[in-house]
Structure formats: structure tokens, C-alpha cells
Amino acid sequence: MITLTGKKISEGIAIGKLSFYKRDIKEIKKIYVKDVEKEIQRFQRAREKAIAELKVLCDVSEREVGEANAAIFEMQQEILENREWIDEINGMILEEKLNAEYVVQAAAEKLISSDAFQEKGYNVGHEDDIRDVALRLVRILSRIWKDRILTDEPFIMAAKELYPSDTVQLDKTKVLGFVTMYGTINSHTAVLARTKGIPAVIGLGEVLKEEYDGKTIIVDGYDGKIYIEPDYTTLTKMKERRDAGLNQYKNLERLKGKENVTQSGQRIEICANVGTREDIENVLRSDAGGIGLFRSEFLYMETGRRVPSEEQLFQVYKLAAESMGSSRVVIRTADLGGDKIADCIDIGEQNNPAMGLRGLRLMFEKEDIFKEQLRAILRASAYGNVSIMFPMITSIEEVTKAKGMLERVKQKLKADKIPFNENIQIGVMIETPAAVMISGELAREVDFFSIGTNDLTQFTLGMDRNNGRISKYYDSCHPALLKMIRIVTNNVHLEGKHISICGDLAADLSMTEFFVKIGIDELSVAPVQVLGLRKKIRDIQ
Ligand code: PEP
Ligand code: MG
């Protein structure tokens, strides 16, 4: 048995076979093959599998995002059934004796640049479909990770490093847990693991070797350890720990429906943070008082090179609004940039992305995308208690500009006779020192506030939240941070407005008493953390 120690980022025990994640192939190698017939059969099998996958995707999409959006997958199936294209690929394999992966890729590009394709005026958007189809085929042919997810038994994923765009796509029913060589506790990958409730240990270093692929491992997300090929004693102990964890959670379930109130009668709201459509169900199960932070940017990281349409966004927001009934659903507009990169939005190279084009700043540059999101949020506001929140605020001007844009979108919806809540509440994130210093002025501009302690820590201490080498200095309980939280709370309350904390510090139970004492109105945490926090609050004198 080999024991490795890393950083715990998401609690729980996972036991399963280890599988190393290979990121999508960017460069496809040109390989000469001897047996062309076998290669053609390989392509044929991959094509059939791709059609079957698309059929499933089409059915799921029809149910979840409507017929119009599902049509995309139908059209992709047609590409795979296009006789001319199939003959082209078979011909290239036969004549040029090349591997199917390379040929598929080349045939896709050839199709896109063909005169017939250009003449049909298909070139807007449809190139992406062809490339998407080609990528699916290449994935199947190379039997890499995403393909495994669709077919294999549940497993524990290992990777050098996982980016938020990888993590957001993890299917909890397939990925039992994950372990990485690098990464930090405050990265968005860690945030996502907690939100999804996937046990994970990161920062194990190079001792996490690819040769462990296929071996049985235990991920101990409570202690930040992993055990490779565990012995009988460890396996038994860990199974007990897993059951104890589940029992502990079951015990907490008796707090469902109870109030978040201290022994002396002080109340504080508990809401939950979500990032994807799947998380909404976890919020309902958690008994949270609402969604305190919908990290809407993750929806842009799930759609590949295609920007999610207004309709797709609307369907997810509507589901959140309807599921939560009269409880609040705070949708934060996309906070892309930094480590949250979406393939569908080109930000360009930046030396210091966390301090670069990010959040609202980026959305001002991508006005059309921003307005579509505002429209989707406003439309969803007709179905529940939806509020809108702007991220990465540094000035009053930014708020005024964003509010102005929102107003124009409202006018257009009105003209189009589309229902929405005209009095939708507007809030801002306090996650830069500048926002702290002008929180008094901001409190006269908007209805509510949420402190993002993750970014506030990184910008106040001048420490990159994703840099593992300085994690030991990254202290969200630094006196400067606590002082800032106190200042913001006072300023906001002076204007009679609502203040919450939605950064990870909200779930730090050693801080709960402090938050209650200074009068924070709401704490928003990962769904699995809601009941533990409720217990902590109820135990406070
Ligand atoms: C934060 O910065 O604390 C926050 C809640 O936003 P995010 O973690 O998504 O940057
Ligand atoms: Mg933030």
C-alpha cells in the first residue's frame, strides 16, 4: 500500500479504480497504417458510436432545453450520416493509408472550406458543428476521458491539474472522487468539487504517478490522504469512516426544516452556492433557504465553442427560480476570466488574468453576450424570486453602466411584451478592496451585497489564489480581511441593505460566531455544508 498526502478540498471518502485523465487531444498525429481495412472498420465503429451518443444527447436536450436546441444534435447526426463525407473519409484512409483520427480531422476542415459548403451559406456557426462532430469521433477513436465517462464504471480521476472547465463537466455518478498533482484550496476547481460534493485531494505532487492507473485507491477527503492498493485494515477503516460520514450527515438531516437561530435567538439565513443545472437539485436536498450565489459563468464552460443561447440560459435560470419557489435565487452575471476560461468566449492572452479582463469588465467588452444573459435572467424573474448580482465591482461607474444596460434590456422586453419582474433586486459582489472602501456609496446604488472572500483575500493580500507555492500564506482570516468584512457590514446596514458572505470563508465554522456577532444577514455555502452550518449556529449561545 502507498500512502500520499495532499490538500483536502472536499470532504468524503471515495473508493474505486484510478483513471488518469488525458485532456482533449489538441494535436492529432499523422500515422501511416498498414491494415487500411481495419482502419476503415475502426472509423465505422466510431461513427456508429458517435451517432448513438448524439441520439442520447438529443433526447436529453429535448427534455431539458427544448426542441429547438436539441435540433443541433440531430443536425450533427446528419453530418455523420452524410454519404459523401463518409466516402471521402474511407477514400482517404484507403488511398493515403492514414490513421482514422487524422483523416477525420482533415476531412472536416476540407468540408468546411469546400465551395459547396461556402455557397450554401452554412459558414455561420455550422463550422463548429462539423468540428464538434470530428472531435467526438476523434475522442471515440482515441478512447480518451470523455468517452470513458459515457461508458465506463464509476472511477476515481487523477490528473496533473484540473481546470474549472474540466471539473464543471464531471458527472458525479461516474467520477467518485478526484486527485491531482497540483492545485490550490481556493481555486475554482476546489470550489466546484465542494459544490458538487465530490471527495477530492489535490496538490499530491509528482509522487502521484501515471503507473498507478487502474489500481484501486481510496481518497480520504477528510484528512487529505490517498491510499493506493490499500491493505485490508485500511480498506476496512476507510469504509467505516465513509459510513460514519454518511451517518453524521444523516444525523444532521434531523435539522431540516429547523431555523438557523442561536441559543440567544439571533437569526442568520443560510443559502447555497450553485454552478450548474445539476446543483439545483442538491440545494433542494440541502434545505437551504435559497440560492445565495449562482456562479452563472460555469454554464458558459459546458458548451464548448458555442456560446449558450439566451433560451438555454433561460431554461436553467427558470428551473432554479421555479424549484426554489418563493426563496431567493441570486444569479451572478458571468464572472469569466482568471482561471474560469470558456472556449466560447475569446479573451486573448493576458499576463495576469485574475487582474485582467474578468467579470463585469469582460462583459462590457462582450456586450451582446452580456445583454443576452441579462435578458435570460430577467425572463426567468417572472417565474420566481430572482435577483441579479454583478461580480468584480471596483467603482460606482461600473454599477451605473451595468444598471443602465439592464434598464435598456428591460425596455426591450417590455416592448416585446415578454413578462419579467420590473422590480428585480440588484446586488453587487464585494471582492475587491476598492469595493470595500466605497461600500457606503455602493449601498445607495443597489439592494444587496455579497462578500466574495476568495477574491477579496487574493486582492487584499496580493496573493494569487491559484498559486500552490504561496498557499500557506493565503489567509482568509487575516485581521485585514476581518476588519474589511466588519466595515462593509456596517456601511451596508447603515443604508438598511442586506449583506451576505458567499466566499468559502462563509463555511469556516470557526468564523460563524464572529459573523453572527457582527450581524451578517446571510451565509451562502456549498449545498453539503448547509446543515453542518445550521448545527453550528444553533449551538452558539
Ligand atoms: C469569491 O471570490 O469569494 C466568490 C464567491 O467568487 P468566486 O469564488 O466565484 O470567484
Ligand atoms: Mg470571486
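Order of appearance sets the numbers: ligands from 1, and atoms from 1 within every ligand.
Between atom OG1 of residue Thr189 and atom CG of residue Leu162 there is a gap of 6.0 Å, rounded to the nearest 0.5 Å.
Within the sub-2.8 Å shell of the Mg ion (ligand 2), the protein contributes these N/O/S atoms: Glu431 OE1, Asp455 OD2.
Sorted by first then second residue, the side chain to side chain donor-acceptor pair (under 3.5 Å) pairs that include residues 344-356, not counting sequence neighbours, number zero. Residue pairs meeting the side chain to side chain donor-acceptor pair (under 3.5 Å) criterion with at least one member in residues 421-431, sequence neighbours excluded: Lys414-Glu422.
Proximity of Thr333 to Glu297: side-chain heavy atoms (C-beta onward) are nowhere separated by under 4.5 Å.
Counted within 6.0 Å of NZ on Lys483, heavy atoms from surrounding residues, nucleotides or ligands total 12 or fewer; the atom is thus considered open. Atom CZ of Arg131 sits in a crowded spot, with more than 12 heavy atoms from other residues, nucleotides or ligands closer than 6.0 Å.
Side-chain atoms of Asn273 come within 3.5 Å of backbone atoms of Cys502 as a donor-acceptor pair (strictly under, hydrogens ignored). A side-chain donor-acceptor contact under 3.5 Å links Thr262 to the backbone of Gln266.
Salt bridge Arg379/Glu310: present, at least one basic N to carboxylate O contact under 4.0 Å.
For a heavy-atom separation below 4.0 Å, the residues in contact with ligand 1 are His188, Leu293, Arg295, Arg332, Asp335, Lys340, Arg358, Met429, Glu431, Gly452, Thr453, Asn454, Asp455, Arg465, Cys502, Gly503.
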